[in-house]
Amino acid sequence: MPLMPAPPAPAVVLLDLDDTLYAERDWLLSGCRAVAARAEALLGRSAAELYDWLLQRLLTEGRERLFDALLAAHGRCDPALSALLVHVFRSHRPRLTAFADVAPALAAWRARGCGLGLITDGVSCVQHAKLDGLGLRAGFDLVLCTDDLPGAARKPAPLAFQLALAHFGCAPEQAVYIGDDPSKDFLAPRALGMRTLRIDRHLPWPLQSRRDFPDSHQAHRTIESLAEAAAPDASGLAA
């Protein structure tokens, strides 16, 4: 059987942020440390004790209404205090570390002349602080936080992907999108005709959904490292 030819190298590489370029749990824990430090004087408990409480709550019940639960557990059910802790959490400046394969992959794509874009969901100030905390902003030609776009633009809405294609002036088949979450990452770029890759880093505490999704939500291929997608022969992009 003849070998299948390698797919063409992409003109544009678009990437997700959370759990694709770094472990989102690191940001979550960073935020909890900031909240614990601020709540120390409010609740009369040490920051270390409050952080341990938040961590145990996260591990057992998730992050839904986390700060309301913290206040209730310490006898302070106050909407204003809850809003204050949410503000501290969202506005803190995290120090984050990108996965080891990120910088080499970005450099390899850049050396081959690829356009590089980032598409991320979430509160705008939070996502931009993450990018700055990682020190990766200069590595991208285009950074799109979907909350900065008009309308309901969070993935799986197609607007951010359409905007990125227009920005780079490339056809969908010339672009590849790499993300981690089949609940929302791949439906729109696949429908537009882009190549898609899911990166599965086998994180011990992933924050994305573990549910099964239909084929339309799946990436064309799963990889375990960005090095596969940045290979010179583009073999990591094959479906």
Side-chain angles (χ1 to χ4, degrees), residues 5-24 26-27 93-122 124 126-149 153 155 158-181 185-186 188-190 192-201 203 219-239:
V12 171
V13 179
L14 303 175
L15 295 120
D16 174 51
L17 176 59
D18 298 315
D19 282 344
T20 296
L21 302 186
Y22 81 106
E24 188 179 8
D26 293 345
W27 165 77
R93 297 297 175 184
R95 293 182 180 179
L96 303 171
T97 301
F99 293 120
D101 58 356
V102 173
L106 293 177
W109 286 317
R110 178 69 70 200
R112 293 202 288 274
C114 296
L116 294 172
L118 183 79
I119 298 178
T120 181
D121 284 344
S124 178
V126 170
Q127 299 307 99
H128 286 289
K130 291 174 183 178
L131 188 59
D132 291 333
L134 289 164
L136 293 176
R137 185 177 295 276
F140 291 96
D141 305 304
L142 177 68
V143 173
L144 292 177
C145 178
T146 55
D147 276 19
D148 292 331
L149 303 180
K155 296 175 279 187
L159 180 61
F161 299 97
Q162 293 167 325
L163 192 161
L165 293 174
H167 173 85
F168 288 107
C170 78
E173 60 270 18
Q174 296 176 300
V176 61
Y177 176 71
I178 304 172
D180 70 292
D181 187 353
D185 274 340
F186 310 116
R190 281 195 64 149
L192 290 170
M194 296 169 55
R195 284 173 281 174
T196 57
L197 297 176
R198 179 187 180 189
I199 187 160
D200 184 354
R201 295 188 179 276
L203 299 173
H220 291 100
R221 185 180 174 193
T222 298
I223 58 175
E224 296 184 351
S225 169
L226 292 180
E228 297 176 57
D233 62 358
S235 58
L237 302 177

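For the pair Val102 and Leu134, the minimum side-chain heavy-atom distance is 4.5 Å or more. A 4.5 Å side-chain heavy-atom check between Leu197 and Val176 finds at least one atom pair inside the cut-off. Residues Gln162 and Leu192 have side chains in contact (heavy-atom distance under 4.5 Å, counting atoms from C-beta outward). Under the 4.5 Å side-chain criterion, counting only non-hydrogen atoms from C-beta, His128 is in contact with Val143.
Scored by the side chain to side chain donor-acceptor pair (under 3.5 Å) test, His167 finds no partners at all (sequence neighbours excluded). With sequence neighbours excluded, the residues forming a ring-ring contact (aromatic ring centres under 6.0 Å, His included) with Tyr177 are Phe161, listed by chain and number. Not counting sequence neighbours, the partners of Asp141 by the salt bridge (Lys or Arg N to Asp or Glu O under 4.0 Å) test are Arg110. Residues meeting the side chain to side chain contact (heavy atoms under 4.5 Å, CB included) test with Ser225, sequence neighbours left out: Asp101, Ala227, Glu228. The side chain to side chain contact (heavy atoms under 4.5 Å, CB included) check on Gln127 picks up Leu17, Asp18, Thr120, Lys130, Cys145, with sequence neighbours excluded. For the salt bridge (Lys or Arg N to Asp or Glu O under 4.0 Å) test, no residue two or more places apart in sequence or in another chain qualifies with Asp26.
Of all non-hydrogen atoms in Ala188 and Pro158, the two that sit nearest each other are CB-CA, 3.7 Å. Heavy atoms only, all atoms of each residue included: Leu142 and Ala164 are closest at CD2-CA, 3.8 Å. Taking each heavy atom of Thr97 and Tyr22 in turn, the nearest pair found is O-CB, 3.6 Å. Residues Leu165 and Ala171 approach most closely at CD2-O, 4.2 Å, considering heavy atoms. The heavy-atom pair separating Ala219 from Arg198 by the smallest distance is CB-N, 3.3 Å. Minimum heavy-atom separation, Trp27 to Val126: CZ2-CG1, 3.4 Å.
With Arg112 contributing its side chain and Ala230 its backbone, the two residues share a donor-acceptor pair below 3.5 Å. Listed for the Arg201 side chain is a donor-acceptor partner under 3.5 Å among the backbone atoms of Thr20.
Separation of atoms CG (Asp180) and CD1 (Ile223) is listed at 11.0 Å; rounding is to 0.5 Å. Atom CG of Asp185 and atom CD1 of Ile119 lie 9.5 Å apart (nearest 0.5 Å). Here the CG-CG distance, from Leu144 to Leu118, works out to 8.0 Å after rounding to the nearest 0.5 Å. A distance of 11.5 Å separates CZ in Arg195 from CG in Leu14, rounded to the nearest 0.5 Å. The distance from the CG atom of Asp19 to the CD atom of Glu24 is 5.5 Å, given to the nearest 0.5 Å.
Of the listed residues (Arg190, Arg221, His220), just one forms a side chain to side chain donor-acceptor pair (under 3.5 Å) with Thr196, and that residue is His220.
With hydrogens and angles left out, the side-chain atoms of Asp148 and Ser124 include a donor and acceptor closer than 3.5 Å.
Salt bridge status for Lys155 with Asp16: present, with a side-chain N to carboxylate O gap under 4.0 Å.
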(request) Evaluate the side-chain contact (heavy atoms from CB on, under 4.5 Å) criterion for residues Leu226 and Leu21: first the C-alpha distance (whole Å), next the side-chain angles of each, then the deciding distance (0.1 Å), finally the verdict. (result) CA-CA 9 Å; Leu226 292 180; Leu21 302 186; 4.2 Å; yes

